[in-house]
Structures are given as C-alpha cells and as structure tokens.
Amino acid sequence: MKIDVLVCGGGCAGLGAALGAAREGAKVLLVERAPFAGGIVTAVGLPFMDGFACWHTGRLVVKGIALRLCERLGLAHPGAKQIEEIKTAVGGLTRHGSIALFNIDEFKLAADDALNEGGVRVLFHAVACETEVRTGRIEAVRVATKQGLLRIEPQVVIDASGDADVAAFSNCPLDPNPQRMPMTMHFRVGNVRYQPQTRTLAREAVKAAHEKGELPHYYGPGLCDAFAKDEAYVHAVRVPGDAIDPFDLTRAEMQGRRDAWTMWQVWKREVPGFEESYFIGSGPYIGVRETRRIAGAHVLSGEEIRARTDFDDAIATGSWYTDLHPNKATEGSAHPKEEKVVPPQPYDIPYRSIVARGVENLLVAGRCHSADRVAASSTRVTVTAMALGEAAGCAAALSVRSKQPVAALNGVQVRERLAAQGGGPFTYA
Ligand SMILES: Cc1cc2nc3c(=O)[nH]c(=O)nc-3n(C[C@H](O)[C@H](O)[C@H](O)COP(=O)(O)OP(=O)(O)OC[C@H]3O[C@@H](n4cnc5c(N)ncnc54)[C@H](O)[C@@H]3O)c2cc1C
C-alpha cells in the first residue's frame, strides 16, 4: 500500500498529526494498536487535557486541533481566548490551564468523527513493528494485523507511538538516558458517598497499607469526582518499570491491577463513604509516562524552558510545569513534599525537536519528541502533545508537496501554515 503520510500511533499526538496532515491535502493512514484513538486519554481513562493555557494569566496558548476537538465535545467555543471561557467538569481546574472531559467514550466518538470527516484512513488493531530503511530513507513500514504483516510505503512517516518505536526500528539516535518515571493504572469506583473526611481517611488508609507492605508504592492518593459526584476516579497506583521491555510491561500491568484492587478493598473495609461502593474497572492499559525519546535535530532542555528561550523555528507552545514523578511512594501528591510546583511562563518548542536524525522522511511527535528528561516532563501533557502532532502533520504534508526531506523544511514555513489554519505557537499569533 502506498500513502503520502503514515502516522504510527493514534494518541493525542497521532490524532493531531493525522488531522493536521489531512487538512493540508495529504493522503493519510493512521495505524493504532488499540481499537480506538486517544492514547492515554482513552486507553488509560484520563480526563485531564493539560497545557491549554498559561497558568499565570489563563490565556490560551494552544488552539488548533486540540481546541476544535473540545468544541466538538461542547467544552469550548470558537474564538475562546481565556481558559475561563471553557467548561470543565472539575471545579477550579481552569486555573491550571486545563480542560476536564466529562466522558471518555464521548472522546472516542469525537476522535472517530474527526478522523472520518477529515478523510483519514484508519487502521485499528494494527501495530507498526518493523521498518525498511535504505540510504537514509524509510522505504516501508510493516504493520502487524490479523491478516499478518501489511507493508506500507509512505512518503513521510510520523512516529506518534509515545515510545519512539519507528525511530528505534530505524536506528535513529535516541536519548541515552535510561531513567523512567513510574507507570500508573487508573481505576474508577462507583457508589461512593463522599463525606467531609473521606479523602483524608482514604489517604491515611493507603499510607497504612503501604507501611504494612500491602502496597509496594503509591502517590496521593488523588480521589476525583470528575465523571460523577458519587464516583472516585483514582490516580494513585505507582509501578516502577520499563515499558519497552515486554516482560516488564506485562509484570507492571499485573502489579497495577493488583494494587488498584487492593486500594479499593482497603477503602471499602476502612473508609466511611466506601461501604457500598463497587469497583467499576481499571485501565484497560497501564499508563506509561516515559520510555524512549529521540535525540533529534535539537534536544529541548529543561534549562531552555526555564529561560524561556526563543526559537526562530517555534511550532508549538508549552506551558505545563516540569512534572517528573519519582519511583517511590509520595504522600498527598505526586511529588515529594519538599518539591514545589513551579509553572513556567509559556515557552517555545522548536520544529527541530520533532525532526529525527539519520532518516530523511521521519518526524516524531508527542512524548517521544526530542527533549531531555526535564523538558519532556512538561511537553508530554496531552494538549502539548496534540499541538506537536498538528505541527508534525502540517510539516509532513509540506514535505510531500514540496518533495523536500523533512529536515530541509523551514520551521517558519510550518508555523505560517499552522497559523493559516488557526493553530501554531501563541507567541507568534
Ligand atoms: C498515568 C498517566 C497520567 C497522566 N496524567 C496526565 C494529566 O493529568 N494531564 C495531561 O495532560 N497529561 C497527563 N499524562 C501525560 C499524557 O497523557 C501523555 O504524555 C500524552 O497523552 C502523550 O500523548 P502521545 O500521543 O505522545 O502518547 P500516547 O498517549 O502514549 O499515545 C501513543 C499511541 O500510540 C499507540 N502505539 C504505541 N505503539 C504503537 C505501534 N508500534 N504501532 C501502532 N500504535 C502504537 C498507543 O496505543 C497509543 O494510542 C499522563 C500520563 C500518564 C501515563
């Protein structure tokens, strides 16, 4: 099969990439290992869309496809400039530049509709598993499906796998840092009757269970009623490991499920408000925060974010704080008590940080783009990932149209096209 742009992975970055490339007139195929798009939002059940706005002023710094999707869901309206103009399910969250989704399945439907209306060809249950690279160019990507391996011949590939799978299979340089943030299994509990002390007692019960050795790690716990007032959506399980090692990932899935169940049982046994509760479900996938990243044409650093470095080739704006989860139990929050959350001023993300080295037709978007650990802990959030995807999609289409290698494109050209479509970095708007 021949195609202009092949997008591998349909998470927030892949969605942005596929829609961004199709909008520019490219023929696009999106392959996704799950039966739906959305990545961590839908595969892990995460309602928080972070990175839309500046923490300090509330001004929207990402619009484009991310905002269009929220408009589709009735959460935003065209022309919104401030985060306060956007609806959110959780009181107060708008302060943090975020949108909370009301329903995960509604997001799946919105993604399906956007892809179908955008003219993107979609293949679910399909895993990109091999590349053929000749003279510095990906000639073909093999995708594992129920019919065996499909051989796709793309002009440009966008690796939005979260794990830089395509870049790794193509022997592109990768960030050598072996450190990994812990994984988290999210879960939901129904029929919770919240009382003033419920959250405090739940926290104490989890701490005691950890001290007795019933729970190896945890954080928070964050108990949130984002989906319904009588529900607990829980992000508190913490499983250190390496999701690139298939055996370790399997172990982590089992451990994550086990820990989620243990937490719920402890609460049902000990915490007023949970007596009549029931376990709705976990996952379906454990959430993976950090794996491989490319070492691309520019490695965005934590220092550049802090110093708010201007990049001539800026194609997206980041705004989230550097959110590095440690591999240990932390009480009350995701971070040790002595660490203060310091949200940055909105910062530039350069085009070169999505350009892989060593292969002339590969772009990388989302949490595996080129950044050091600290910078990536900020750029990894959902909305920033989607903005990076949108830029990658736009650049891929420009590359196809102009028959230039992706590295030969100028970030300014990409930014101008993004701006014409209502997206791109806010600093240049
Ligand atoms: C537990 C957890 C909690 C988080 N909390 C928040 C939060 O509160 N707010 C926030 O904004 N962000 C949060 N994040 C971060 C954010 O969700 C992700 O970093 C962001 O979604 C990254 O998007 P992505 O598209 O790059 O990657 P992913 O969402 O990981 O998407 C990658 C997609 O590629 C698919 N895929 C992988 N390999 C292949 C392959 N070889 N072939 C085909 N398909 C493949 C996967 O199935 C997946 O759909 C959280 C992350 C985790 C793990």
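Any value given below was found using the heavy atoms of this structure, including those in side chains, with hydrogens, waters and symmetry copies removed. Model, not experiment: these values are computed from the prediction. For ligands, and for the atoms within them, numbers begin at 1 and follow the listed sequence.
A cation-pi contact, defined as under 6.0 Å to the ring centre and within 45° of the axis, links Arg199 to Tyr194. The side-chain tip of Arg188 points at the ring of Phe227 from less than 6.0 angstrom away and within 45° of straight on.
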Which protein N or O atoms sit under 3.5 Å from any N or O of ligand 1? Give each pair with its distance.
from, atom 1, to, atom 2, distance (Å)
ligand 1, 9 (N), Phe48, O, 3.3
ligand 1, 9 (N), Asp50, OD2, 2.7
ligand 1, 11 (O), Phe48, O, 3.4
ligand 1, 11 (O), Asp50, N, 3.1
ligand 1, 11 (O), Thr382, N, 3.0
ligand 1, 11 (O), Thr382, OG1, 2.7
ligand 1, 19 (O), Arg380, O, 2.5
ligand 1, 25 (O), Cys12, N, 3.2
ligand 1, 25 (O), Ala13, N, 3.0
ligand 1, 26 (O), Arg367, N, 2.9
ligand 1, 29 (O), Ile40, N, 3.0
ligand 1, 30 (O), Arg367, NE, 3.4
ligand 1, 38 (N), Asp165, OD2, 3.4
ligand 1, 41 (N), Ala128, O, 3.0
ligand 1, 41 (N), Asp165, OD2, 2.8
ligand 1, 42 (N), Ala128, N, 2.9
ligand 1, 44 (N), Arg33, N, 3.2
ligand 1, 47 (O), Glu32, OE2, 2.6
ligand 1, 47 (O), Arg33, NE, 2.8
ligand 1, 47 (O), Arg33, NH2, 3.3
ligand 1, 49 (O), Glu32, OE1, 2.7
ligand 1, 49 (O), Glu32, OE2, 3.1

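Under the side chain to side chain donor-acceptor pair (under 3.5 Å) criterion, the residue pairs touching residues 17-34 are Arg23-Glu390, Glu24-Arg401, Glu24-Arg417, Glu24-Gln421, with sequence neighbours excluded.
Remark: Lys207 engages no residue in a side chain to side chain donor-acceptor pair (under 3.5 Å) (not counting sequence neighbours). Listed by chain and residue number, nothing satisfies the ring-ring contact (aromatic ring centres under 6.0 Å, His included) test with Phe107 (two or more places apart in sequence, or in another chain).
At distances below 3.5 Å, at least one donor-acceptor pair connects side-chain atoms of Thr382 with backbone N or O atoms of Asp50.
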